[in-house]
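Here is the structure we will look at.
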Amino acid sequence: QIERGELIEDLPLSSSILKAGVNRRVLYVALLLHDIGKGRPEDHSIIGAQIARRVAPRLGLNDEECETVEWLVRYHLLMSDMAQKRDIGDPRTVRDFAKAVKTRKRLDLLTVLTVCDIRGVGPDTWNNWKAMLLRQLYRLTAEALEGGLEHYNREKREDEAKAALRARLADWTAVEINRECGRHYAPYWQGLTTDTQEVFARMLKGLGDDEIRIDLHPDPGRDATRAAFALADHPGIFSRLAGALA
């Protein structure tokens with residue numbers, strides 16, 4: 001379906017990767033073999049890669065193609081695990097993933113393989129949330145591979161986020177902005193969008209000790225609702241909010 005151009009709207013990234021050009025032989029053989037190790041007692045990714053090492057040459061692939069297919073089968077779950085189980089806002093996540101992928105060529109192949117793998121499970125497995133996470137991880141990893149991992153550091157991300165928020169809060173005094181920029185932990189600046197940080201900044205401004213402020217905002221692009229709460233800290237606050245939302 002991606003190859004035929006039928007999913008350009010649903011899968012713009014995968015469609016653009018195929019249009020730009022990847023090694024189809026490698027991609028199709030990896031798709032064919034990625035779950036071939038299932039049903040064995042061992043990790044199916046590891047046993048599958050061992051099988052792919054023997055099978056790929058018999059399908060006419062050269063040494064480099066065989067090596068890439070073996071790598072794709074071995075790590076076919078890596079991207080979905082990184083996107084869904086790790087904090088993409090933490091530069092360490094992107095650095096770890098970029099070190100494992102190493103090249104843009106492998107990143108492109110793994111992205112399409114991951115999307116096809118998730119969508120192939122069943123009609124309800126794929127959603128906008130997973131799509132957004134994978135697109136974000138792809139973009140950040142491509143930037144890290146092209147710009148160099150040494151430039152992809154926490155302090156730079158934090159400084160850029162604070163500068164973007166300062167621009168949004170142009171109507172605030174310098175004292176108010178400095179207080180807000182000094183308030184949060186590093187992951188707050190790395191993991192949240194400027195839109196969300198602005199919402200929190202305005203909710204926190206002048207917040208009373210006995211006051212609760214809530215902002216609920218639909219986010220169609222993520223198939224989700226952004227729920228922002230601001231209130232004085234107390235023991236059990238996170239579990240209570242999570243329980244109330246559940």
Side-chain angles (χ1 to χ4, degrees), residues 1-20 22 24 26-49 51-52 69 71-90 93-94 96-97 100-101 106-142 191-193 195-196 215-229 238-239 241-246:
Q1 287 178 298
I2 302 170
E3 193 79 89
R4 290 197 299 264
E6 296 172 6
L7 298 173
I8 293 172
E9 192 172 324
D10 288 348
L11 303 175
L13 176 58
S14 297
S15 299
S16 67
I17 289 172
L18 282 185
K19 187 177 180 182
V22 292
R24 299 298 204 276
V26 167
L27 181 59
Y28 276 85
V29 172
L31 278 163
L32 177 69
L33 300 178
H34 76 278
D35 272 345
I36 201 166
K38 282 200 168 175
R40 307 286 190 93
E42 306 95 333
D43 183 319
H44 81 282
S45 297
I46 295 174
I47 194 73
I51 294 170
V69 167
W71 184 88
L72 287 167
V73 174
R74 172 66 182 86
Y75 294 105
H76 72 272
L77 296 175
L78 178 65
M79 190 172 193
S80 59
D81 284 349
M82 282 284 189
Q84 296 179 60
K85 298 176 184 177
R86 296 272 296 271
D87 177 11
I88 302 176
D90 187 340
T93 300
V94 178
D96 289 347
F97 184 58
V101 174
R106 280 187 175 180
L107 175 63
D108 287 347
L109 290 165
L110 182 59
T111 300
V112 178
L113 173 58
T114 301
V115 170
C116 291
D117 190 15
I118 295 173
R119 288 179 67 97
V121 172
D124 301 321
T125 312
W126 180 260
N127 56 42
N128 281 353
W129 177 250
K130 291 176 183 174
M132 183 277 304
L133 290 173
L134 290 173
R135 279 199 301 269
Q136 191 176 349
L137 180 57
Y138 176 90
R139 178 178 57 79
L140 293 171
T141 305
L192 297 180
T193 64
D195 287 342
T196 303
D215 179 89
L216 301 174
H217 185 76
D219 189 346
R222 300 187 181 197
D223 265 2
T225 300
R226 184 189 67 204
F229 301 89
F238 185 73
S239 62
L241 286 173
L245 285 169

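A distance-only check finds a donor-acceptor pair linking the side chain of Arg24 to the backbone of Leu18 [under 3.5 Å]. Using modelled atom types, no side-chain atom of Thr93 and backbone atom of Ile88 make a donor-acceptor pair closer than 3.5 Å. The closest donor-acceptor contact from the side chain of Lys130 to the backbone of Thr125 lies under 3.5 Å.
Side-chain contact check for Leu113 versus Met79: every heavy-atom pair is 4.5 Å or farther apart. Considering only heavy atoms from C-beta on, Thr225 stays 4.5 Å or farther from His217 through its side chain. Side chains of Asp117 and Asp35 form a contact here, defined as non-hydrogen atoms less than 4.5 Å apart. At a threshold of 4.5 Å between non-hydrogen side-chain atoms, the residues Arg40 and Ile51 count as touching. Side-chain contact between His44 and Leu77 is present, with heavy atoms from C-beta onward closer than 4.5 Å.
Rounding to the nearest 0.5 Å gives a distance of 6.5 Å between CG of Leu78 and CH2 of Trp71. Considering OG1 of Thr196 and CG of Asp219, their distance stands at 8.0 Å, rounded to 0.5 Å. Note that the CG atom of Leu32 and the CG atom of Leu27 stand 11.5 Å from one another [nearest 0.5 Å]. Atom CD of Gln1 sits about 12.0 Å away from atom OG of Ser14, to the nearest 0.5 Å. The structure places OG1 of Thr141 at 10.0 Å from CD of Gln136, a figure rounded to the nearest 0.5 Å. Atom CG of residue Leu137 and atom CE of residue Met132 lie 11.0 Å apart, to the nearest 0.5 angstrom.
Closest non-hydrogen pair, Ala83 versus Leu133, comes out as O-CD1, 3.5 Å. For the pair Ser15 and Ile8, the tightest heavy-atom approach, listed with the atom from each and the gap, is OG-CA, 3.5 Å. In this structure, Val73 and Gly48 approach most closely via the heavy-atom pair CG1-C, 3.4 Å. Trp126 and Ala131 get closest at one heavy-atom pair: CZ2-CB, 3.3 Å. The nearest pair of heavy atoms linking Leu216 to Ala227 is CD2-CB, 3.6 Å.
Just one residue in the list Leu13, Thr111, Ile118 forms a side-chain contact (heavy atoms from CB on, under 4.5 Å) with Leu134, and that residue is Ile118.
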> Between Leu72 and His34, is a side chain to side chain contact (heavy atoms under 4.5 Å, CB included) present by the stated rule, with each step listed?
Replying inline: CA-CA 8 Å; Leu72 287 167; His34 76 278; over 6 Å; no
> Run the side chain to side chain contact (heavy atoms under 4.5 Å, CB included) check on Asp195 and Arg226 step by step: do they pass?
Replying inline: CA-CA 11 Å; Asp195 287 342; Arg226 184 189 67 204; 4.3 Å; yes
>> Would Ile17 and Tyr138 count as a side chain to side chain contact (heavy atoms under 4.5 Å, CB included) here? Give the steps.
In response: CA-CA 11 Å; Ile17 289 172; Tyr138 176 90; 3.8 Å; yes
> Stepwise, does the side chain to side chain contact (heavy atoms under 4.5 Å, CB included) test hold for Leu11 with Arg119?
Replying inline: CA-CA 11 Å; Leu11 303 175; Arg119 288 179 67 97; 3.7 Å; yes
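Heavy atoms from other residues, nucleotides or ligands lying under 6.0 Å from CD of Glu42 number more than 12.
A salt bridge links Arg86 with Asp96: the distance from a Lys NZ or Arg NE/NH1/NH2 to an Asp or Glu carboxylate oxygen falls below 4.0 Å.
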